[in-house]
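Input: a single structure, listed below in structure tokens.
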Amino acid sequence: MTPPTSLSDLEAFARQQLAAHRYPDDHHPFRVLSCDGCGVVAFELTIEHHTGSAEADFKGVIWGKCTECGSRKRLFSFTGEHRKWLRDEQAVCECGNASFLVAECERIEGDQGLSGFFDEGVVVGQCSRCGRNRAFVYTD
């Protein structure tokens with residue numbers, strides 16, 4: 001499924017979620033997540049929360065099921081072996097659709113034009129039916 005709006009719209013949304021305009025010296029890499037076999041496609045998401053997870057500081061794994069070939073893969077992980085599973089969440093848009101084009105954006109602190117270290121990030125999605133953008137998790 002192809003979402004009705006553009007990747008540039010999703011990127012702008014992700015940068016807005018991180019308030020990138022407030023950090024002009026930092027780097028904000030944006031990466032669209034893709035299926036190994038099908039490329040950039042929509043995914044059905046399972047968000048697996050682990051111990052220590054909070055709204056502004058996700059700990060866990062995001063699993064994606066490709067809507068084209070059905071393969072399942074780990075799209076994003078921010079956890080450790082010492083963390084334990086708490087609960088799963090199925091991502092669903094306000095329109096009732098459960099498939100999203102998925103991307104991540106990070107803030108890498110910059111100092112006089114040099115890359116620094118990871119500061120925070122966000123995993124976002126765009127509904128494949130209505131095009132609505134949504135932030136799934138924030139990492140800090």
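No hydrogens, no waters, no symmetry mates; every other heavy atom, side chains included, goes into these values. Position 1 is the first residue of the sequence; numbering continues from there.
- Checking Glu55 against Tyr138 by side-chain atom types alone, no donor-acceptor pair falls below 3.5 Å.
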Point to revise | Residue pair Gln90, Thr46: steps toward the side-chain contact (heavy atoms from CB on, under 4.5 Å) verdict | key: CA-CA 5 Å; Gln90 303 301 313; Thr46 300; 3.1 Å; yes
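- When all heavy atoms are compared, the tightest approach of Ser77 to Val61 is OG-CG2, 3.9 Å.
- Residues Val40 and Leu101 have side chains in contact (heavy-atom distance under 4.5 Å, counting atoms from C-beta outward).
- Scanning all heavy atoms of the two residues, the minimum distance from Arg129 to Gly96 falls at NH1-C, 4.1 Å.
- In this structure, SG on Cys127 lies 10.0 Å from CZ on Arg134, to the nearest 0.5 angstrom.
- Rounding to the nearest 0.5 Å gives a distance of 8.0 Å between CD of Glu94 and SG of Cys130.
- You'll find the side chain of Phe136 reaches within 4.5 Å of the side chain of Phe100, heavy atoms only.
- In this structure, a donor-acceptor pair under 3.5 Å is present between the side chains of Glu89 and His49.
- Atoms NZ and SG, from Lys73 and Cys35 in turn, are 7.0 Å apart once rounded to the nearest 0.5 Å.
- From Leu33, atom CG reaches atom CG of Leu45 across 9.0 Å, with rounding to the nearest 0.5 Å.
- Closest approach of Gly64 to Leu75, counting heavy atoms only: CA-CD1, 3.6 Å.
- Minimum interatomic distance between Cys38 and Glu68 (heavy atoms only, all atoms of both residues): SG-CB, 3.7 Å.
- Of all the heavy atoms in Arg72 and Trp63, the pair that sits closest is NH2-CG, 3.3 Å.
- Ile108 is listed as a side-chain neighbour of Pro29, based on a closest heavy-atom distance under 4.5 Å.
- Side-chain contact between Lys65 and Phe43 is absent, with no heavy atoms from C-beta onward closer than 4.5 Å.
- Residues Lys59 and Thr51 are not in side-chain contact: their nearest non-hydrogen atoms beyond the backbone lie 4.5 Å or more apart.
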Exercise for review: Could you check Val102 against Val124 for side-chain contact (heavy atoms from CB on, under 4.5 Å), going step by step and ending with a plain yes or no?
Suggested key: CA-CA 6 Å; Val102 183; Val124 296; over 6 Å; no
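- Taken to the nearest 0.5 Å, the CG atom of Leu86 stands 8.0 Å off from the NE2 atom of His50.
- When all heavy atoms are compared, the tightest approach of Gln17 to Ala135 is OE1-CB, 3.9 Å.
- Note that Arg15 lies outside the cation-pi zone of Phe30, set by a 6.0 Å cut-off to the ring centre and a 45° limit from the axis.
- Residues Asp36 and Ser71 are not in side-chain contact: their nearest non-hydrogen atoms beyond the backbone lie 4.5 Å or more apart.
- A donor-acceptor contact shorter than 3.5 Å links the side chain of Arg107 to the backbone of Leu18.
- Annotation: the span from Ile62 atom CD1 to Glu48 atom CD amounts to 10.5 Å, rounded to 0.5 Å.
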Check your understanding: Could you walk me through whether Ser128 and Asn97 pass the side chain to side chain donor-acceptor pair (under 3.5 Å) check?
Key -> CA-CA 8 Å; Ser128 65; Asn97 184 47; 3.0 Å; yes
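- In this structure, Arg31 contributes its side chain and Glu106 its backbone to no donor-acceptor pair below 3.5 Å.
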Practice item. Decide side-chain contact (heavy atoms from CB on, under 4.5 Å) for Asp9 and Gln126; before the verdict, give the C-alpha distance in whole Å, the side-chain angles of both, and the deciding distance to 0.1 Å. Key: CA-CA 9 Å; Asp9 181 50; Gln126 185 176 83; 3.6 Å; yes
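- Remark: side-chain polar atoms of Asp140 are not paired, donor with acceptor, to backbone N or O of Glu120 under 3.5 angstrom.
- Annotation: side chain of Ile47 is in contact with side chain of Val137 (closest heavy-atom distance under 4.5 Å).
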